[in-house]
2 protein chains.
Amino acid sequence: MTDLKRVERRAGVALWRQIADRIREAISRGDFDESGMVPPELVLAGQFGVNRHTVRSALAALAQEGIVQAVQGRGTLIVRKERFNFPISRRTRFTEGIGDQARDLQGLLLSSEIEPADPEVARWLALEAGTPVVRLEALRKADGRAVSRSTAWFPAERFKGIGEVFARSGSITEALAALGLGDYLRSVTEISATHAETADIAALELTPGAILLVTRAVNTDLSGVPIQYAVTRFPADRVQFTIAS
Amino acid sequence: MTDLKRVERRAGVALWRQIADRIREAISRGDFDESGMVPPELVLAGQFGVNRHTVRSALAALAQEGIVQAVQGRGTLIVRKERFNFPISRRTRFTEGIGDQARDLQGLLLSSEIEPADPEVARWLALEAGTPVVRLEALRKADGRAVSRSTAWFPAERFKGIGEVFARSGSITEALAALGLGDYLRSVTEISATHAETADIAALELTPGAILLVTRAVNTDLSGVPIQYAVTRFPADRVQFTIAS
DNA sequence: TTAAATTTGTTCGTATGTATC
DNA sequence: TGATACATACGAACAAATTTA
């Protein structure tokens, strides 16, 4: 607690930013490790010699960074993170990729519908816009934690019943195999990062403002014909990617 | 402006969240396209029938998402984004990778020092901890926009003068070539995402709370000996990655 | 060039609601 | 049930940066 002294007013740097920095440092020093929580807002306000709102601004910034999580009625918890490592290669498969790192893997079908391909989906799948495609919404959990929320499109002609098959197995690889596709390859993966939107926050059990790693990927059959285009959102504090060349 | 009516107090959803959603929708509808800015906070507060602080909370959330950027004295600008695409492969090279997409590329040396390898750096470079390494801090710009901030380590025995050479050419590839390494390969790339810290916010000219894509990568010479370990931070709203398998 | 008006940024005060213990 | 602690909202004042007159 040695560092939680009064804050001097410095020109140019807002009080709440200075306080956020001090709390961040105190956390990384392990000052609050016994309790696993930050002291109550009013206590911090007293120690820093500022109003409680100023402390709240600082804690809100740290919550945005994912360092702490405020829980109404209890206090502000310090968040500890361990990331799953998700390998990306020509033979990327979700279940195999994370399998080693988790005891319990679940693939949950949220919905499955046939719809006409919009221009973007058509482009990725090398189809005419308007061609029927199956849209499959899925959520994956590892050891009970949601690790990805994906939206995948398949040509409907070839993979009409993939929703039902995936619902049973929870694995795209197995579902494709059941529909006669024994093997497939990853052709393109795009990776970007954004803030989570409302729907994903709910599905992935995130705090508002959480960061998502987003992949846009195409899988093809062995002759190079696109069979799947998927947009997958991974909580950035739970997942990282590895590309082994 | 049709949607900017009074907000009803609904149980369960905070006012500022409802307002953030309404402003986000109005922006994506293009309601403010003529000016490129959101109306002043006091105007919004009046239209929504709430206090200015409530509007500020909503705008702060949108700023976190990177949708808007507030500028003191001017107003709150709507941010338009276009991302550079950075390909990652066995032959990843920064300059070649982004070269097509930008007219003007700059590689700036921030500092270059020789230091003993800490355990992590030593592990990635397959050296004994404490072995001298060159640490090179660099900033890269494309068309005047900062696109990456990297910290790279090289075995000092082999690449002692790389700082000076990089300072002249602005290219790691050229610097390595000048030191006798004609070709090299990317062996591992790890990708994660976090919030930017203070130092990177300044160097990359970001707004606080911006998201960074972070790569940890190892390059080796043609016989597989590690020659470079680099941690590179890319602003997520300016860069995305592509892995072509 | 200067001054005023506009607009966002920060801080404090106060009150009330809601969840946890 | 009451105490504690975070969540939301309103009000007021002033600072700082920018634009406009």
Side-chain angles (χ1 to χ4, degrees), chain A residues 6-23 32 35-64 66-79 201 206-209, chain B residues 4 6-23 27 32 34-64 67-79 198 201 205-209:
Chain A
R6 286 194 152 254
V7 184
E8 303 298 326
R9 259 147 242 262
R10 271 192 289 150
V13 184
L15 272 178
W16 66 266
R17 277 192 203 286
Q18 300 180 48
I19 290 171
D21 289 342
R22 298 266 288 271
I23 297 175
F32 313 127
S35 58
M37 355 189 13
V38 169
E41 293 169 353
L42 276 170
V43 174
L44 289 171
Q47 288 176 335
F48 286 123
V50 299
N51 186 274
R52 181 176 155 233
H53 280 307
T54 310
V55 170
R56 277 183 62 74
S57 297
L59 289 175
L62 297 178
Q64 276 285 346
I67 294 174
V68 302
Q69 179 180 4
V71 180
Q72 199 169 143
R74 278 182 62 191
T76 301
L77 314 176
I78 296 167
V79 177
I201 288 171
L206 303 172
T207 52
Chain B
L4 303 189
R6 292 199 146 250
V7 184
E8 303 297 325
R9 259 148 245 261
R10 272 191 290 148
V13 183
L15 272 178
W16 67 266
R17 276 188 207 286
Q18 301 179 48
I19 290 172
D21 290 342
R22 298 264 289 269
I23 297 175
I27 289 173
F32 313 128
E34 322 87 58
S35 59
M37 325 183 42
V38 169
E41 294 168 353
L42 276 170
V43 175
L44 289 172
Q47 287 175 336
F48 286 123
V50 299
N51 187 272
R52 179 176 157 231
H53 279 310
T54 309
V55 170
R56 278 181 63 75
S57 296
L59 289 174
L62 297 180
Q64 275 286 346
I67 294 175
V68 301
Q69 178 180 5
V71 180
Q72 197 171 147
R74 281 183 64 189
T76 301
L77 314 176
I78 295 167
V79 177
T198 322
I201 288 171
E205 300 155 36
L206 303 171
T207 52

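Each chain gets a letter, A, B and so on, in the order the sequences are listed, and its residues count up from 1.
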For this session: Locate the shortest heavy-atom distance separating F48(A) from R22(A); write the atom from each residue and the value.
Result: CE2-NH2, 4.1 Å
Exercise. How long is the gap from CG on L62(A) to CH2 on W16(A), to the nearest 0.5 Å?
Worked result: 9.5 Å
Exercise. Does any donor-acceptor pair link the side chain of H53(B) with the base of dT11(C) at a separation under 3.5 Å?
Worked result: yes
For this session: Report the distance from atom CZ of R52(A) to atom P of dA5(D), rounded to the nearest whole Å.
Result: 10 Å
Exercise. Do you know which of I67(B), T76(B), L59(B), V68(B) makes side-chain contact (heavy atoms from CB on, under 4.5 Å) with I23(B)?
Worked result: L59(B)
For this session: Could you grab the distance from atom CD1 of I19(A) to atom CG of L44(A), nearest 0.5 Å is fine?
Result: 8.5 Å
For this session: Calculate the interatomic distance between N51(B) atom CG and dT14(C) atom P; express it in whole Å.
Result: 16 Å
Problem set entry | Reported NE2-to-NE2 distance for the pair H53(A) and H53(B), which is rounded to 0.5 angstrom | 8.0 Å
For this session: Nearest whole angstrom, please: distance from the P of dA19(C) to the CD of Q72(A).
Result: 6 Å
Exercise. Which nucleotide in the list dC12(C), dT8(C), dC10(D) gets nearest to the side chain of V50(A)?
Worked result: dC12(C)
Exercise. Could you give the CG-to-C1' distance, from L77(B) to dA17(D), as a whole number of Å?
Worked result: 13 Å
Problem set entry | For atom CG of L15(B) and atom P of dT8(D), their distance in whole Å | 10 Å
Exercise. What is the distance from CZ of R17(A) to C1' of dT11(C), rounded to the nearest Å?
Worked result: 15 Å
Problem set entry | Short side-chain N/O contact from T76(B) to OP1 or OP2 of dT7(C), under 4.0 Å | no
Exercise. Which is true for S57(B) with a 4.0 Å heavy-atom rule: it touches a base, it touches only sugar-phosphate, or it touches nothing?
Worked result: nothing
For this session: Could you pull out all residues at least two apart from R52(B) that satisfy salt bridge (charged side-chain N to carboxylate O under 4.0 Å, His left out)?
Result: E41(B)
Problem set entry | dT10(C) OP1/OP2 closer than 4.0 Å to side-chain N/O of T54(A) | no
For this session: Quickly work out the E41(A) CD to dT18(C) P distance and round it to whole Å.
Result: 18 Å
Exercise. Can you tell me how far the CG atom of L15(B) sits from the OG1 atom of T54(B), to the nearest 0.5 Å?
Worked result: 6.0 Å
Exercise. Bend across the helix from dT2(C)-dA21(D) to dC21(C)-dG2(D), to 10°, with axes taken over 5 pairs at each end?
Worked result: 10°
For this session: Starting from P on dC6(D), measure out to CZ on R74(A) and report it in whole angstrom.
Result: 11 Å
